Amino acid sequence: MKKIRPWKHEKEFDTKTLMTDSAITASDIAEHLGSSERESAADGSDEQDRETRKAVDLKEISDARRLTDEETITQVYEPRPLTPDDDIYDDIIEQFASAPTKPKYWFEEFGDYWSCSCGHINKGDICKSCGLERDLLRSLFILHKPAGAQGNLSKKLSKTAREKIDKEEQQQNDRDNRRKKLDDLNDDELRVMPIEPDAGKTGGDITEGDADDSEDKNNSAAKSETSDDNQSDSSDNSRKTPSTKDAAASQKETNGHGHSADASSSAKAAAHTNDTGKSKDHKGNKKNATVNTTSDSGGNALTPVPVAHTGKKKRDRKFKIKIIVAIFACLLLIALAGFVIYRYMAAPAMQYQDAIELQADGKYEKAIDKFESLGDYKDCEERIWECYCSMGDRYFKEGDYEAAIETYNIAIDLKDDESLHDKIWQCYCGIGDDLMDAKEYEQALSTYYIAADMKDNEEIQDKINLAKFSYVKAYQDDRTAKVEDYMSDLMTIKYPGIQDIYDSYYAWHVNIVANTSADDASTDVSTVSRKDTVYFHVSLSGGEPSEQILLYYEVIWPNGNSEIYNLDSTWESGSTITARFQYPIPLFGKEGKLTFKLYDKSTNEVMGSDSVTFKN
């Protein structure tokens, strides 16, 4: 009786090792399976009890391929270093005090793209280099950025840089999608199963379930086993199954005892059963092995003999693997085609429409980000220019002229237009008017000069003259060179109201001191003796620069007599004059007041006067 080898289960197939990358093709699987078959064929017949189908560890193949496909991070943008001289340096470093690493560069945004503080360019919410979040860096570098700090709206990312970052992002997404799809296939039919028969059954009846288990043998082992089984069955049948002659003789012998009819029927049934089993085995229409049964002359059933099958199931499995790989490749191609269509057709159109709506709602910053991310799609560049113009107009209406000027300049860099220069001119005029209201006349005048350099017209000249007049009027008592220069400019054009200020500013001023000392020009007295000599000291100031004047004076004595004396010399600002008076005979001089008056000879106007009283 033939012994059937036991089922030997060495390793359960792990679906996690099935597939990790779509780069594994059907040829890779076939090559790996072929190597397994060659190893199985190389083993001797003595090692067949340990044969088992090994699981195909495709993870090693995937890892090897992935290592070759991975690209190093390409720096496509040179970030601006964050230095201690920056206004927000201390604040940023304080935020990162407990972090193991410190920020080295400025955080900047370019639409969907952004530059991390580590210098890496990303597209998403988390930096792929250091793991910092985009919202956190935005709050630190932009939302809390002091006025005047680095960073402006003119910063843009080149098209080449965006394409490289998109390529890197797409590769990462493709790898994630492949891993996700492969995880979904973990419970699929793609398994390699051990196929050895159970050698533990050494005798007894073989059921249909046992015959099913034997179908998982490899092809070469199945053929060998089939040949051995057929030979064994032949020998067993020759020993146990009676030949036709023996059956006829037995029939005759049995007929002699009254049982020949039953023996003949049994022999015919045995022959029919053998023919049926061979026919079905030849056609191979059944999965389960057909069992030949015979009986001896006593009617006892003999050992059933299973009919071995070929390695059809193995070929079906290989074919199924190829089908699954082909289907997976087709799905991947379809997904890739859909992604390309969405990425380059549907997504840009949707994003473009969103940007237009943002522009219409006055959300110009967000609209600019979306338009910039679209690159040269349709009229995005023109739309960006319009957004900057509209944003500058809004700043101008709000009175934020400096922000408006900065925004208009960005728009000029994109496309120069004369209307933008006129708007910037109006901004400078607005800044000057605000400074005039704050009585900061010098700063206002400087701002008006900038506007005049851009466009000089009657309107800006009126603003300049008003600033000069206001400055002269406010600071004329300081008698500075700037006051005199502005006053001279205004006198040249005969600016209304400047003449009165000019006359008052350049009027002659006289200081008269009366005493009895010829050298003391500071002590003033009001009473002297009739015997004393009286001195009148005159200090002259004022007048236009380098102006000279002719003078004369009059003296009125206590008795009413007056005397006039001409000062033949010309006098100017800073000159001093001393006049001396005394009674010829003091004993006969009257008591009373002695008065001194100084006159402008050209106008006969009194410039100043002083007096003393004579007493005994």
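Since the structure is predicted, the reported quantities are computational estimates derived from the model, not experimental observations.
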Side-chain donor-acceptor pair present, Asp369, Tyr113, cut-off under 3.5 Å: no

Intermediate values then yes/no, side-chain contact (heavy atoms from CB on, under 4.5 Å), Lys482 and Tyr471: CA-CA 9 Å; Lys482 185 175 291 186; Tyr471 184 86; 3.5 Å; yes

Considering all heavy atoms, the nearest Asp86-Pro81 contact: OD2-O, 4.0 Å

Test item: Ile549 and Thr570 side chains (from C-beta on) under 4.5 Å apart, heavy atoms: no

Parallel, tilted or perpendicular: ring planes of Tyr401 versus Phe396, cut at 30 and 60 degrees: perpendicular

Gln499 and Asp503: CA distance, side-chain angles, deciding distance, side-chain hydrogen bond (donor to acceptor under 3.5 Å, both in side chains) verdict: CA-CA 6 Å; Gln499 187 65 51; Asp503 293 342; 2.8 Å; yes

SB check Glu381 Lys415 (cutoff 4.0 Å): no

Heavy atoms of other groups near Glu382 CD, more than 12 under 6.0 Å: yes

Asp500 side chain vs Gly497 backbone, donor-acceptor pair below 3.5 Å: no

Check: Gly542 main-chain N/O paired with Trp508 side-chain donor or acceptor under 3.5 Å: no

Glu458: partners by side chain to side chain contact (heavy atoms under 4.5 Å, CB included), with sequence neighbours left out: Asp462

Qualifying residues under side chain to side chain contact (heavy atoms under 4.5 Å, CB included), relative to Lys378, sequence neighbours excluded: Tyr352

Donor-acceptor pair, side chain of Trp571 and main chain of Leu540, under 3.5 angstrom: no

For Tyr364 against Gln359, the heavy-atom pair lying closest together: CE2-O, 3.6 Å

Thr83 and Asp85 side chains, donor-acceptor separation under 3.5 Å: no

Tyr475 atom OH, neighbour heavy-atom count above 12 within 6.0 Å: no

Charged N-O contact under 4.0 Å between Arg162 and Asp112: no

Atom pair CZ/CG of Arg178 and Leu332 - distance to nearest 0.5 Å: 7.0 Å

Donor-acceptor side-chain pairing of Asn409 and Tyr388 below 3.5 angstrom: no

Lys455, NZ atom: more than 12 neighbouring heavy atoms under 6.0 Å: yes

Met454 CE: over 12 foreign heavy atoms closer than 6.0 Å: yes

Verdict with reasoning, Tyr495 to Leu466, per side-chain contact (heavy atoms from CB on, under 4.5 Å): CA-CA 9 Å; Tyr495 192 82; Leu466 177 61; 3.9 Å; yes

Over-ring placement of Arg138 relative to Phe107, 6.0 Å and 45° cut-offs: no

Backbone of Ser602 reached by a side-chain donor or acceptor of Asp600 within 3.5 Å: yes

Under 3.5 Å donor-acceptor, Ser575 side chain and Glu572 backbone: yes

pair Gln172-Glu169: side-chain heavy atoms closer than 4.5 Å: no

From Glu544, Glu484, Gln476, residue fulfilling side-chain hydrogen bond (donor to acceptor under 3.5 Å, both in side chains) relative to Tyr505: Glu484

NZ/NE/NH1/NH2 to OD/OE distance under 4.0 Å, Glu168 and Lys128: no

Any donor-acceptor N or O pair under 3.5 Å, side chains Gln170, Asp166: no

Gap separating the CG atom of Leu358 from the CZ atom of Phe371, nearest 0.5 angstrom: 8.0 Å

Student check: side-chain heavy atoms of Pro84 and Asp90 closer than 4.5 Å: no

Gap separating the CD1 atom of Ile356 from the CG atom of Asp361, nearest 0.5 angstrom: 12.0 Å

Under 3.5 Å: donor-acceptor pair, side chain of Ser373, backbone of Lys370: yes

Separation of Cys127 SG from His120 NE2 (nearest 0.5 Å): 5.5 Å

Smallest separation among heavy atoms of Cys387 and Ile368, with atom names: CB-CG1, 3.5 Å

Under 3.5 Å: donor-acceptor pair, side chain of Asn122, backbone of Gly124: no

Intermediate values then yes/no, side-chain contact (heavy atoms from CB on, under 4.5 Å), Leu420 and Trp385: CA-CA 11 Å; Leu420 295 177; Trp385 181 81; 3.8 Å; yes

Whether over 12 other heavy atoms sit under 6.0 Å from Glu133 CD: no

With Glu440, the side chain to side chain contact (heavy atoms under 4.5 Å, CB included) member among Met436, Glu442, Gln443: Gln443

Distance, nearest 0.5 Å, that separates OG of Ser115 from CZ of Arg80: 9.0 Å

Whether Asp456 side chain and Ala452 backbone form a donor-acceptor pair below 3.5 Å: no

Asn457 (side chain) donor-acceptor with Ile460 (main chain) under 3.5 angstrom: yes

Within 6.0 angstrom of Lys102 NZ, more than 12 heavy atoms from elsewhere: yes

Taking every non-hydrogen atom, the tightest pair across Lys463 and Cys429: CE-CB, 4.4 Å

Closest heavy-atom pair and its distance - Ile92, Leu140: CD1-O, 3.5 Å

Side chain Asp135, main chain Asp125, donor-acceptor under 3.5 Å: no

Salt bridge (charged side-chain N to carboxylate O under 4.0 Å, His left out) between Arg394 and Asp400, worked out: CA-CA 9 Å; Arg394 184 175 63 188; Asp400 192 354; over 6 Å; no

4.5 Å side-chain heavy-atom contact, Val538 and Met607: no

Spacing of Tyr105 atom OH and Cys116 atom SG [to the nearest 0.5 Å]: 11.0 Å

Taking every non-hydrogen atom, the tightest pair across Leu490 and Lys468: CD1-C, 4.0 Å

Sub-4.5 Å side-chain heavy-atom contact between Trp114 and Leu137: yes

